[in-house]
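The block underneath contains the structure these notes are about, expressed in structure tokens.
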Amino acid sequence: YQISENRDKLGVLAFGDNIPGRKSLLTIGTRYDWPILRGIFNKALMGLTPAQLSKVTDPWLKGTVGGKIEIDADEQRWLTNHSETTIRASMEPWPPVLYMQDGRARGIAVNYLRHIMKSLELDLTFVEMPWKDTLPAIDKFEKIDVVSSAANTPARRKIIRFTAPFISLPQVIFMRDDARLISGLSDLNDKTVAIEAGFASADHLRKEHPNINLLEVENTHKAMEAVS
């Protein structure tokens, strides 16, 4: 998606190979002091029918989807106590999962959250911030209440309540079209790799592949610009 939407800026980039054994399992994360909301979110995700799922995961399909979430007494009490609360969700640019277009939040994760909040009759707003500020903000219960999309890691579980994964994405190596074919991580030893600062994949490479030189940048678009 990034390449097709920014071909004029990024030039010609090529796919290398999928990283063996590595996928991005994306979840929704809630404030650590809101474990009940995490449970409600899990029920909402598990309750999606195939027809609803096809609509939620298509960021360009207009319209809303129905559906009912079966909640227990404790969850209903939490919802009642927060009925006047606007839930603040993070918005860091990562299309097609999360992005802003014409002043409106769009993307796969955005549609999941909008569907869930509509079902729960809760108000939702998206707060734009770079990824590097997202985890500190939710750790302090400041600015956001929900991380719209994140990988579940042991370090992050200390500050965030994660739902079950809602989407699985392969981790792929991108390279310049005129570069030598890269078929795996071992081919990147002693090379410089642009990667998003704070992403779980950066932590993995730093720990498991110390011979790769990491150039940490603000977001995926800037990583692709660095390669192009």
Side-chain angles (χ1 to χ4, degrees), residues 1-2 5-6 24-42 44-45 56-60 62 64-65 69 78-79 81-153 155-167 169 195-203 216-223:
Y1 179 86
Q2 288 266 18
E5 291 295 305
N6 298 280
S24 293
L25 297 175
L26 302 182
T27 71
I28 299 170
T30 69
R31 292 169 40 157
Y32 203 77
D33 61 338
W34 285 3
I36 287 182
L37 183 60
R38 187 265 303 270
I40 296 172
F41 278 5
N42 270 331
L45 291 171
V56 170
T57 56
D58 183 350
W60 294 274
K62 296 182 179 180
T64 57
V65 295
I69 304 170
W78 190 96
L79 291 172
N81 291 339
H82 292 83
S83 60
E84 301 299 320
T85 301
T86 297
I87 306 299
R88 304 165 298 175
S90 62
M91 167 54 69
E92 61 280 352
W94 193 34
V97 179
L98 293 162
Y99 63 102
M100 297 295 294
Q101 185 177 69
D102 300 325
R104 179 173 171 80
R106 298 183 183 277
I108 298 171
V110 170
N111 277 12
Y112 268 103
L113 281 169
R114 283 192 174 131
H115 167 69
I116 293 171
M117 294 304 182
K118 181 179 176 64
S119 299
L120 298 175
E121 299 182 350
L122 290 175
D123 291 329
L124 173 68
T125 189
F126 288 92
V127 180
E128 293 185 78
M129 62 176 57
W131 174 251
K132 66 181 180 66
D133 295 338
T134 300
L135 298 185
I138 199 164
D139 184 26
K140 298 176 182 177
F141 309 148
E142 294 178 349
K143 298 182 180 179
I144 59 171
D145 308 301
V146 169
V147 178
S148 302
S149 174
N152 182 341
T153 69
R156 294 174 182 176
R157 285 198 292 272
K158 296 177 182 178
I159 62 172
I160 300 173
R161 306 277 187 176
F162 288 103
T163 67
F166 66 87
I167 191 171
L169 300 175
I195 196 163
E196 302 91 331
F199 272 33
S201 52
D203 295 335
E216 297 193 59
V217 296
E218 184 177 342
N219 55 48
T220 301
H221 184 78
K222 291 188 180 297

Is there a side-chain contact between I108 and I167 (heavy atoms, below 4.5 Å)?
yes
Does the distance from a Lys or Arg side-chain N to an Asp or Glu carboxylate O, for R104 and D102, drop under 4.0 Å?
no
Could you tell me if the side chain of V127 sits less than 4.5 Å from the side chain of M91, heavy atoms only?
no
Heavy-atom pair with the smallest gap, counting every atom of R161 and Y32
NE-O, 2.8 Å
Is any side-chain heavy atom of L113 closer than 4.5 Å to one of F41?
yes
In Å and rounded to the nearest 0.5 Å, what is the NE2 to CG distance from H115 to L120?
9.0 Å
Is there a side-chain contact between E92 and N219 in this structure, where contact means two heavy atoms from C-beta onward sitting under 4.5 Å apart?
no
Measure across K222 and V217 and return the closest heavy-atom pair with its distance rounded to 0.1 Å.
C-CG2, 4.0 Å
Output for pair (F162 CZ, N152 CG), nearest 0.5 Å, gives 5.0 Å
Could you state the interatomic distance from CH2 (W94) to CD (E196), rounded to the nearest 0.5 Å?
7.5 Å
Minimal heavy-atom distance between S83 and L122, with the atoms involved, is CA-CD2, 4.3 Å
When you look at L45 and I116, which way does the side chain to side chain contact (heavy atoms under 4.5 Å, CB included) test go after all the steps?
CA-CA 8 Å; L45 291 171; I116 293 171; 4.1 Å; yes
Closest approach of I138 to D145 (non-hydrogen atoms, all atoms of both residues)
CD1-O, 3.6 Å
Which atoms form the tightest heavy-atom contact between R156 and L135, and what is the distance?
NE-CD1, 3.8 Å
What I'd like to find out is whether the side chain of I160 reaches to under 4.5 Å of the side chain of T27, using heavy atoms alone.
no
Rounded to the nearest 0.5 Å, the CD atom of E142 sits from the CD1 atom of I144 at a distance of 10.0 Å
Any idea which heavy atoms bring L98 and S148 closest together, and the distance?
CD2-CB, 3.7 Å
Side-chain contact test, heavy atoms from C-beta onward, threshold under 4.5 Å: evaluate it for Y112 versus L26 and give yes or no.
no
F199 and W131 aromatic ring geometry - parallel, tilted or perpendicular at 30°/60° bounds:
perpendicular
Just verifying a value: how many Å separate I87 CD1 and R31 CZ, rounded to the nearest 0.5 Å?
8.5 Å
Rounded at 0.5 Å granularity, tell me how far CZ in R88 sits from CE in M129.
8.5 Å
